[in-house]
Visitor: 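Mind looking over this structure? Questions follow.
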2 protein chains.
Amino acid sequence: MIELRHLRTLIALRDAGSLVEAAERVHLTQSALSHQIKDLEERLGTALFVRKTRPVEFTRAGQRLLALAEQVLPLVRMGERDVARLIGHEPGRLHMAIECHSCFQWLMPTIDHFRDHWPEVEIDIPGGHHFDPLPALAREQLDLVITADPQPLSGVYYEPLFRYQGLLAVARQHRLAERAFVAPEDLADETLITYPVEHARLDVFTQFLDPAGVRPREIRTAELTVMMMQLVASGRGVCALPNWALTEYLERDYVKAVGIGEAGMWSTLYAAIREESREQPWMEDFLRTARETSFAVLEGIKPA
Amino acid sequence: MIELRHLRTLIALRDAGSLVEAAERVHLTQSALSHQIKDLEERLGTALFVRKTRPVEFTRAGQRLLALAEQVLPLVRMGERDVARLIGHEPGRLHMAIECHSCFQWLMPTIDHFRDHWPEVEIDIPGGHHFDPLPALAREQLDLVITADPQPLSGVYYEPLFRYQGLLAVARQHRLAERAFVAPEDLADETLITYPVEHARLDVFTQFLDPAGVRPREIRTAELTVMMMQLVASGRGVCALPNWALTEYLERDYVKAVGIGEAGMWSTLYAAIREESREQPWMEDFLRTARETSFAVLEGIKPA
DNA sequence: CCAAGAACATGAGCTAATGTCATGATAAAT
DNA sequence: ATTTATCATGACATTAGCTCATGTTCTTGG
């Protein structure tokens with residue numbers, strides 16, 4: 001019997017273009033997908049896609065099932081959502097804080113989408129609190145915090161949203177601009193621009209420079225991403241940012257980006273929530289929506 | 001994650017009205033369904049139906065999922081059907097013979113429905129053959145035979161369709177008419193009307209009278225069911241027929257029906273096909289359609 | 001009102017489906 | 001030709017999902 005699992009796999013496969021990446025998206029191994037699809041194909045008595053091409057090419061049978069998936073999965077999700085809504089009549093509250101300074105880009109579409117489906121949930125991003133957001137979460141002053149560095153805190157659960165790559169933004173004519181990636185030593189006599197937060201919470205240091213024992217010549221801070229970009233573009237320094245925070249500047253050819261370290265510098269973005277709110281139907285829905293929206297809106301990120 | 005399995009279960013549950021019978025329909029145990037649904041309910045965080053009532057009553061969440069199932073399952077079946085059709089381009093042939101004389105009632109809707117979906121399969125019920133249909137099946141003169149007594153024959157596979165109960169039709173004012181069921185001895189001085197086939201192929205004898213060593217006073221035969229009903233109604237005998245062959249006469253209050261033996265006399269109706277044709281996509285579809293249609297059209301039958 | 005019968009729940013245990021891991025084959029890229 | 005990426009495959013592991021046996025609860029009929 002065909003199951004929804006199979007349909008979800010096919011969609012992931014189409015979106016990803018390869019088994020390996022599709023496997024990541026559905027949080028299984030490549031092997032599992034290979035077996036799963038092979039099994040399905042055997043039962044149906046036909047191949048569903050051609051593996052030799054990149055991206056994979058679907059056979060007619062495969063296309064038919066894809067179409068089926070497109071019809072069916074949204075219906076199922078709507079159904080689940082309705083059921084969830086039938087349960088939690090108590091109007092929910094979703095007050096959130098955003099640690100990472102440039103998340104609005106993908107968070108806003110998420111919120112818009114969410115608001116349509118859960119009109120009764122009160123959403124807010126209270127501005128200008130100067131307290132530490134994670135304790136405030138535990139204190140129930142906040143309900144969700146977007147953060148890149150989870151710290152163990154009783155009652156707080158960190159739901160991974162996605163992984164992203166940190167890139168080094170440099171001026172277009174910078175000496176490093178044509179490199180595929182930089183080594184820690186390359187930053188030894190550069191000015192590094194960061195957000196004004198503790199050293200320990202910046203991945204460039206913890207993951208990249210500190211392990212190599214390298215310190216940049218100078219460190220200066222800036223509050224806003226645009227500001228940083230101006231400094232970088234005018235050659236007054238370099239700065240490490242998530243790939244998706246940079247795309248708009250890269251598209252406009254305002255700065256260049258190079259990889260950080262040979263393997264790249266990857267971090268995970270988390271949604272921190274209280275344990276109890278974890279099973280709230282609208283919370284589950286929000287997290288799912290957030291993940292979906294981010295994959296739709298952002299490029300070059302990977303499932304956590 | 002919700003799966004199609006769950007939706008299929010819910011539909012079965014609604015149609016059946018109780019877990020026990022729903023379990024039969026999906027060919028699982030009552031326990032399995034209980035676990036399955038409990039698990040689903042836990043994950044959704046709400047009950048789906050009230051178990052105390054008969055038939056079971058669905059909660060709002062349950063109703064929503066039922067609606068979902070009604071939307072989704074037909075789509076899935078159409079998808080599967082299309083895929084199956086994409087494979088088997090070779091035009092199929094489906095020539096069938098019907099052993100049991102009063103099957104047209106449910107077979108016709110099946111054929112109609114099937115013809116819409118598989119226009120390229122040539123369907124026929126060749127009439128008036130006087131040869132034995134099962135050997136003809138092996139000889140590839142026929143492709144499907146509806147029969148109630150499977151006989152081991154190499155290369156022939158018997159797919160069970162459903163189980164039905166044999167009932168004894170008696171005149172309205174007959175002395176047995178008010179009984180819940182008859183014992184073998186009750187027939188000792190009755191005239192029994194049967195189809196004109198070998199003794200060994202009539203369940204009344206093999207399952208009921210022979211084991212008890214009872215012979216009816218007289219046996220007479222009739223070709224057609226209507227004929228039998230006329231004889232029965234006018235008090236010239238009694239006859240054993242499948243429950244579904246009788247319903248139309250019962251509804252019109254033309255005859256009465258009583259059970260045969262305390263436990264009832266149950267037989268299974270089979271579709272006999274050749275081993276090889278068993279995996280033909282349209283054959284699978286025909287059998288499924290046949291089973292579905294029969295459950296929709298007939299009452300008082302059970303899954304095999 | 002009690003005994004017997006249905007129908008559902010539940011826990012233990014088993015099996016088979018469905019994963020992972022390690023590795024090999026194949027094709028594309030350098 | 002070598003490296004790198006992707007997919008296939010077999011052996012093993014895990015676990016979801018089933019059956020079996022039994023308990024609980026509600027209904028029915030004597």
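In this text the structure is predicted, and so the values were computed from the model without any measurement. Chain letters run A, B, ... following the sequence lines, proteins first and then strands; every chain starts at 1.
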Visitor: How long is the line joining CG of B/L33 and P of C/dA6, in whole Å?
Guide: 20 Å

Visitor: Does NZ or CZ of B/R51 come closer than 6.0 Å to the centre of the six-membered ring of B/F49, within 45° of the ring's axis?
Guide: yes

Visitor: For A/R5, does its backbone N or O pair with a side-chain atom of B/E3 as donor and acceptor, under 3.5 Å?
Guide: yes

Visitor: Rounding to a whole Å, what distance do you find between B/E42:CD and D/dA16:C1'?
Guide: 14 Å

Visitor: When every nucleotide of nucleotides 7-18 of chain C is labelled 5' to 3' by its protein contacts under 4.0 Å (heavy atoms), B for base, S for sugar-phosphate only, - for none, what sequence of letters results?
Guide: SBBBBB-----S

Visitor: Would B/R288 and B/E284 count as a salt bridge (Lys or Arg N to Asp or Glu O under 4.0 Å) if you check the C-alpha gap in whole Å, the side-chain angles of each, and the deciding distance to 0.1 Å?
Guide: CA-CA 6 Å; B/R288 182 162 55 181; B/E284 289 182 353; over 6 Å; no

Visitor: Could you tell me the separation between the CZ atom of A/R278 and the CG atom of A/L287, rounded to the nearest 0.5 Å?
Guide: 9.5 Å

Visitor: Between atom CD in B/E262 and atom P in C/dG5, what is the gap in whole Å?
Guide: 12 Å

Visitor: Evaluate whether atom CZ of A/R172 has more than 12 neighbouring non-hydrogen atoms of other residues, nucleotides or ligands under 6.0 angstrom away.
Guide: no

Visitor: In whole Å, what is the span from the CG atom of A/L40 to the P atom of D/dA8?
Guide: 13 Å

Visitor: Rounded to the nearest 0.5 Å, how far apart are CZ of B/F58 and CG of B/L48?
Guide: 8.0 Å

Visitor: Do the side chain of B/R274 and the main chain of B/V156 share a donor and acceptor less than 3.5 angstrom apart?
Guide: no

Visitor: Would you kindly give the CG-to-C1' distance between A/L48 and D/dA8, to the nearest whole Å?
Guide: 16 Å

Visitor: Quick one: pull up CG in A/L168 and CZ in A/F208 and give me the separation to the nearest 0.5 Å.
Guide: 8.0 Å

Visitor: Could you give the angle between the helix axes at the two ends of the helix from C/dC1-D/dG30 to C/dT30-D/dA1, with five pairs per end, rounded to 10 degrees?
Guide: 30°

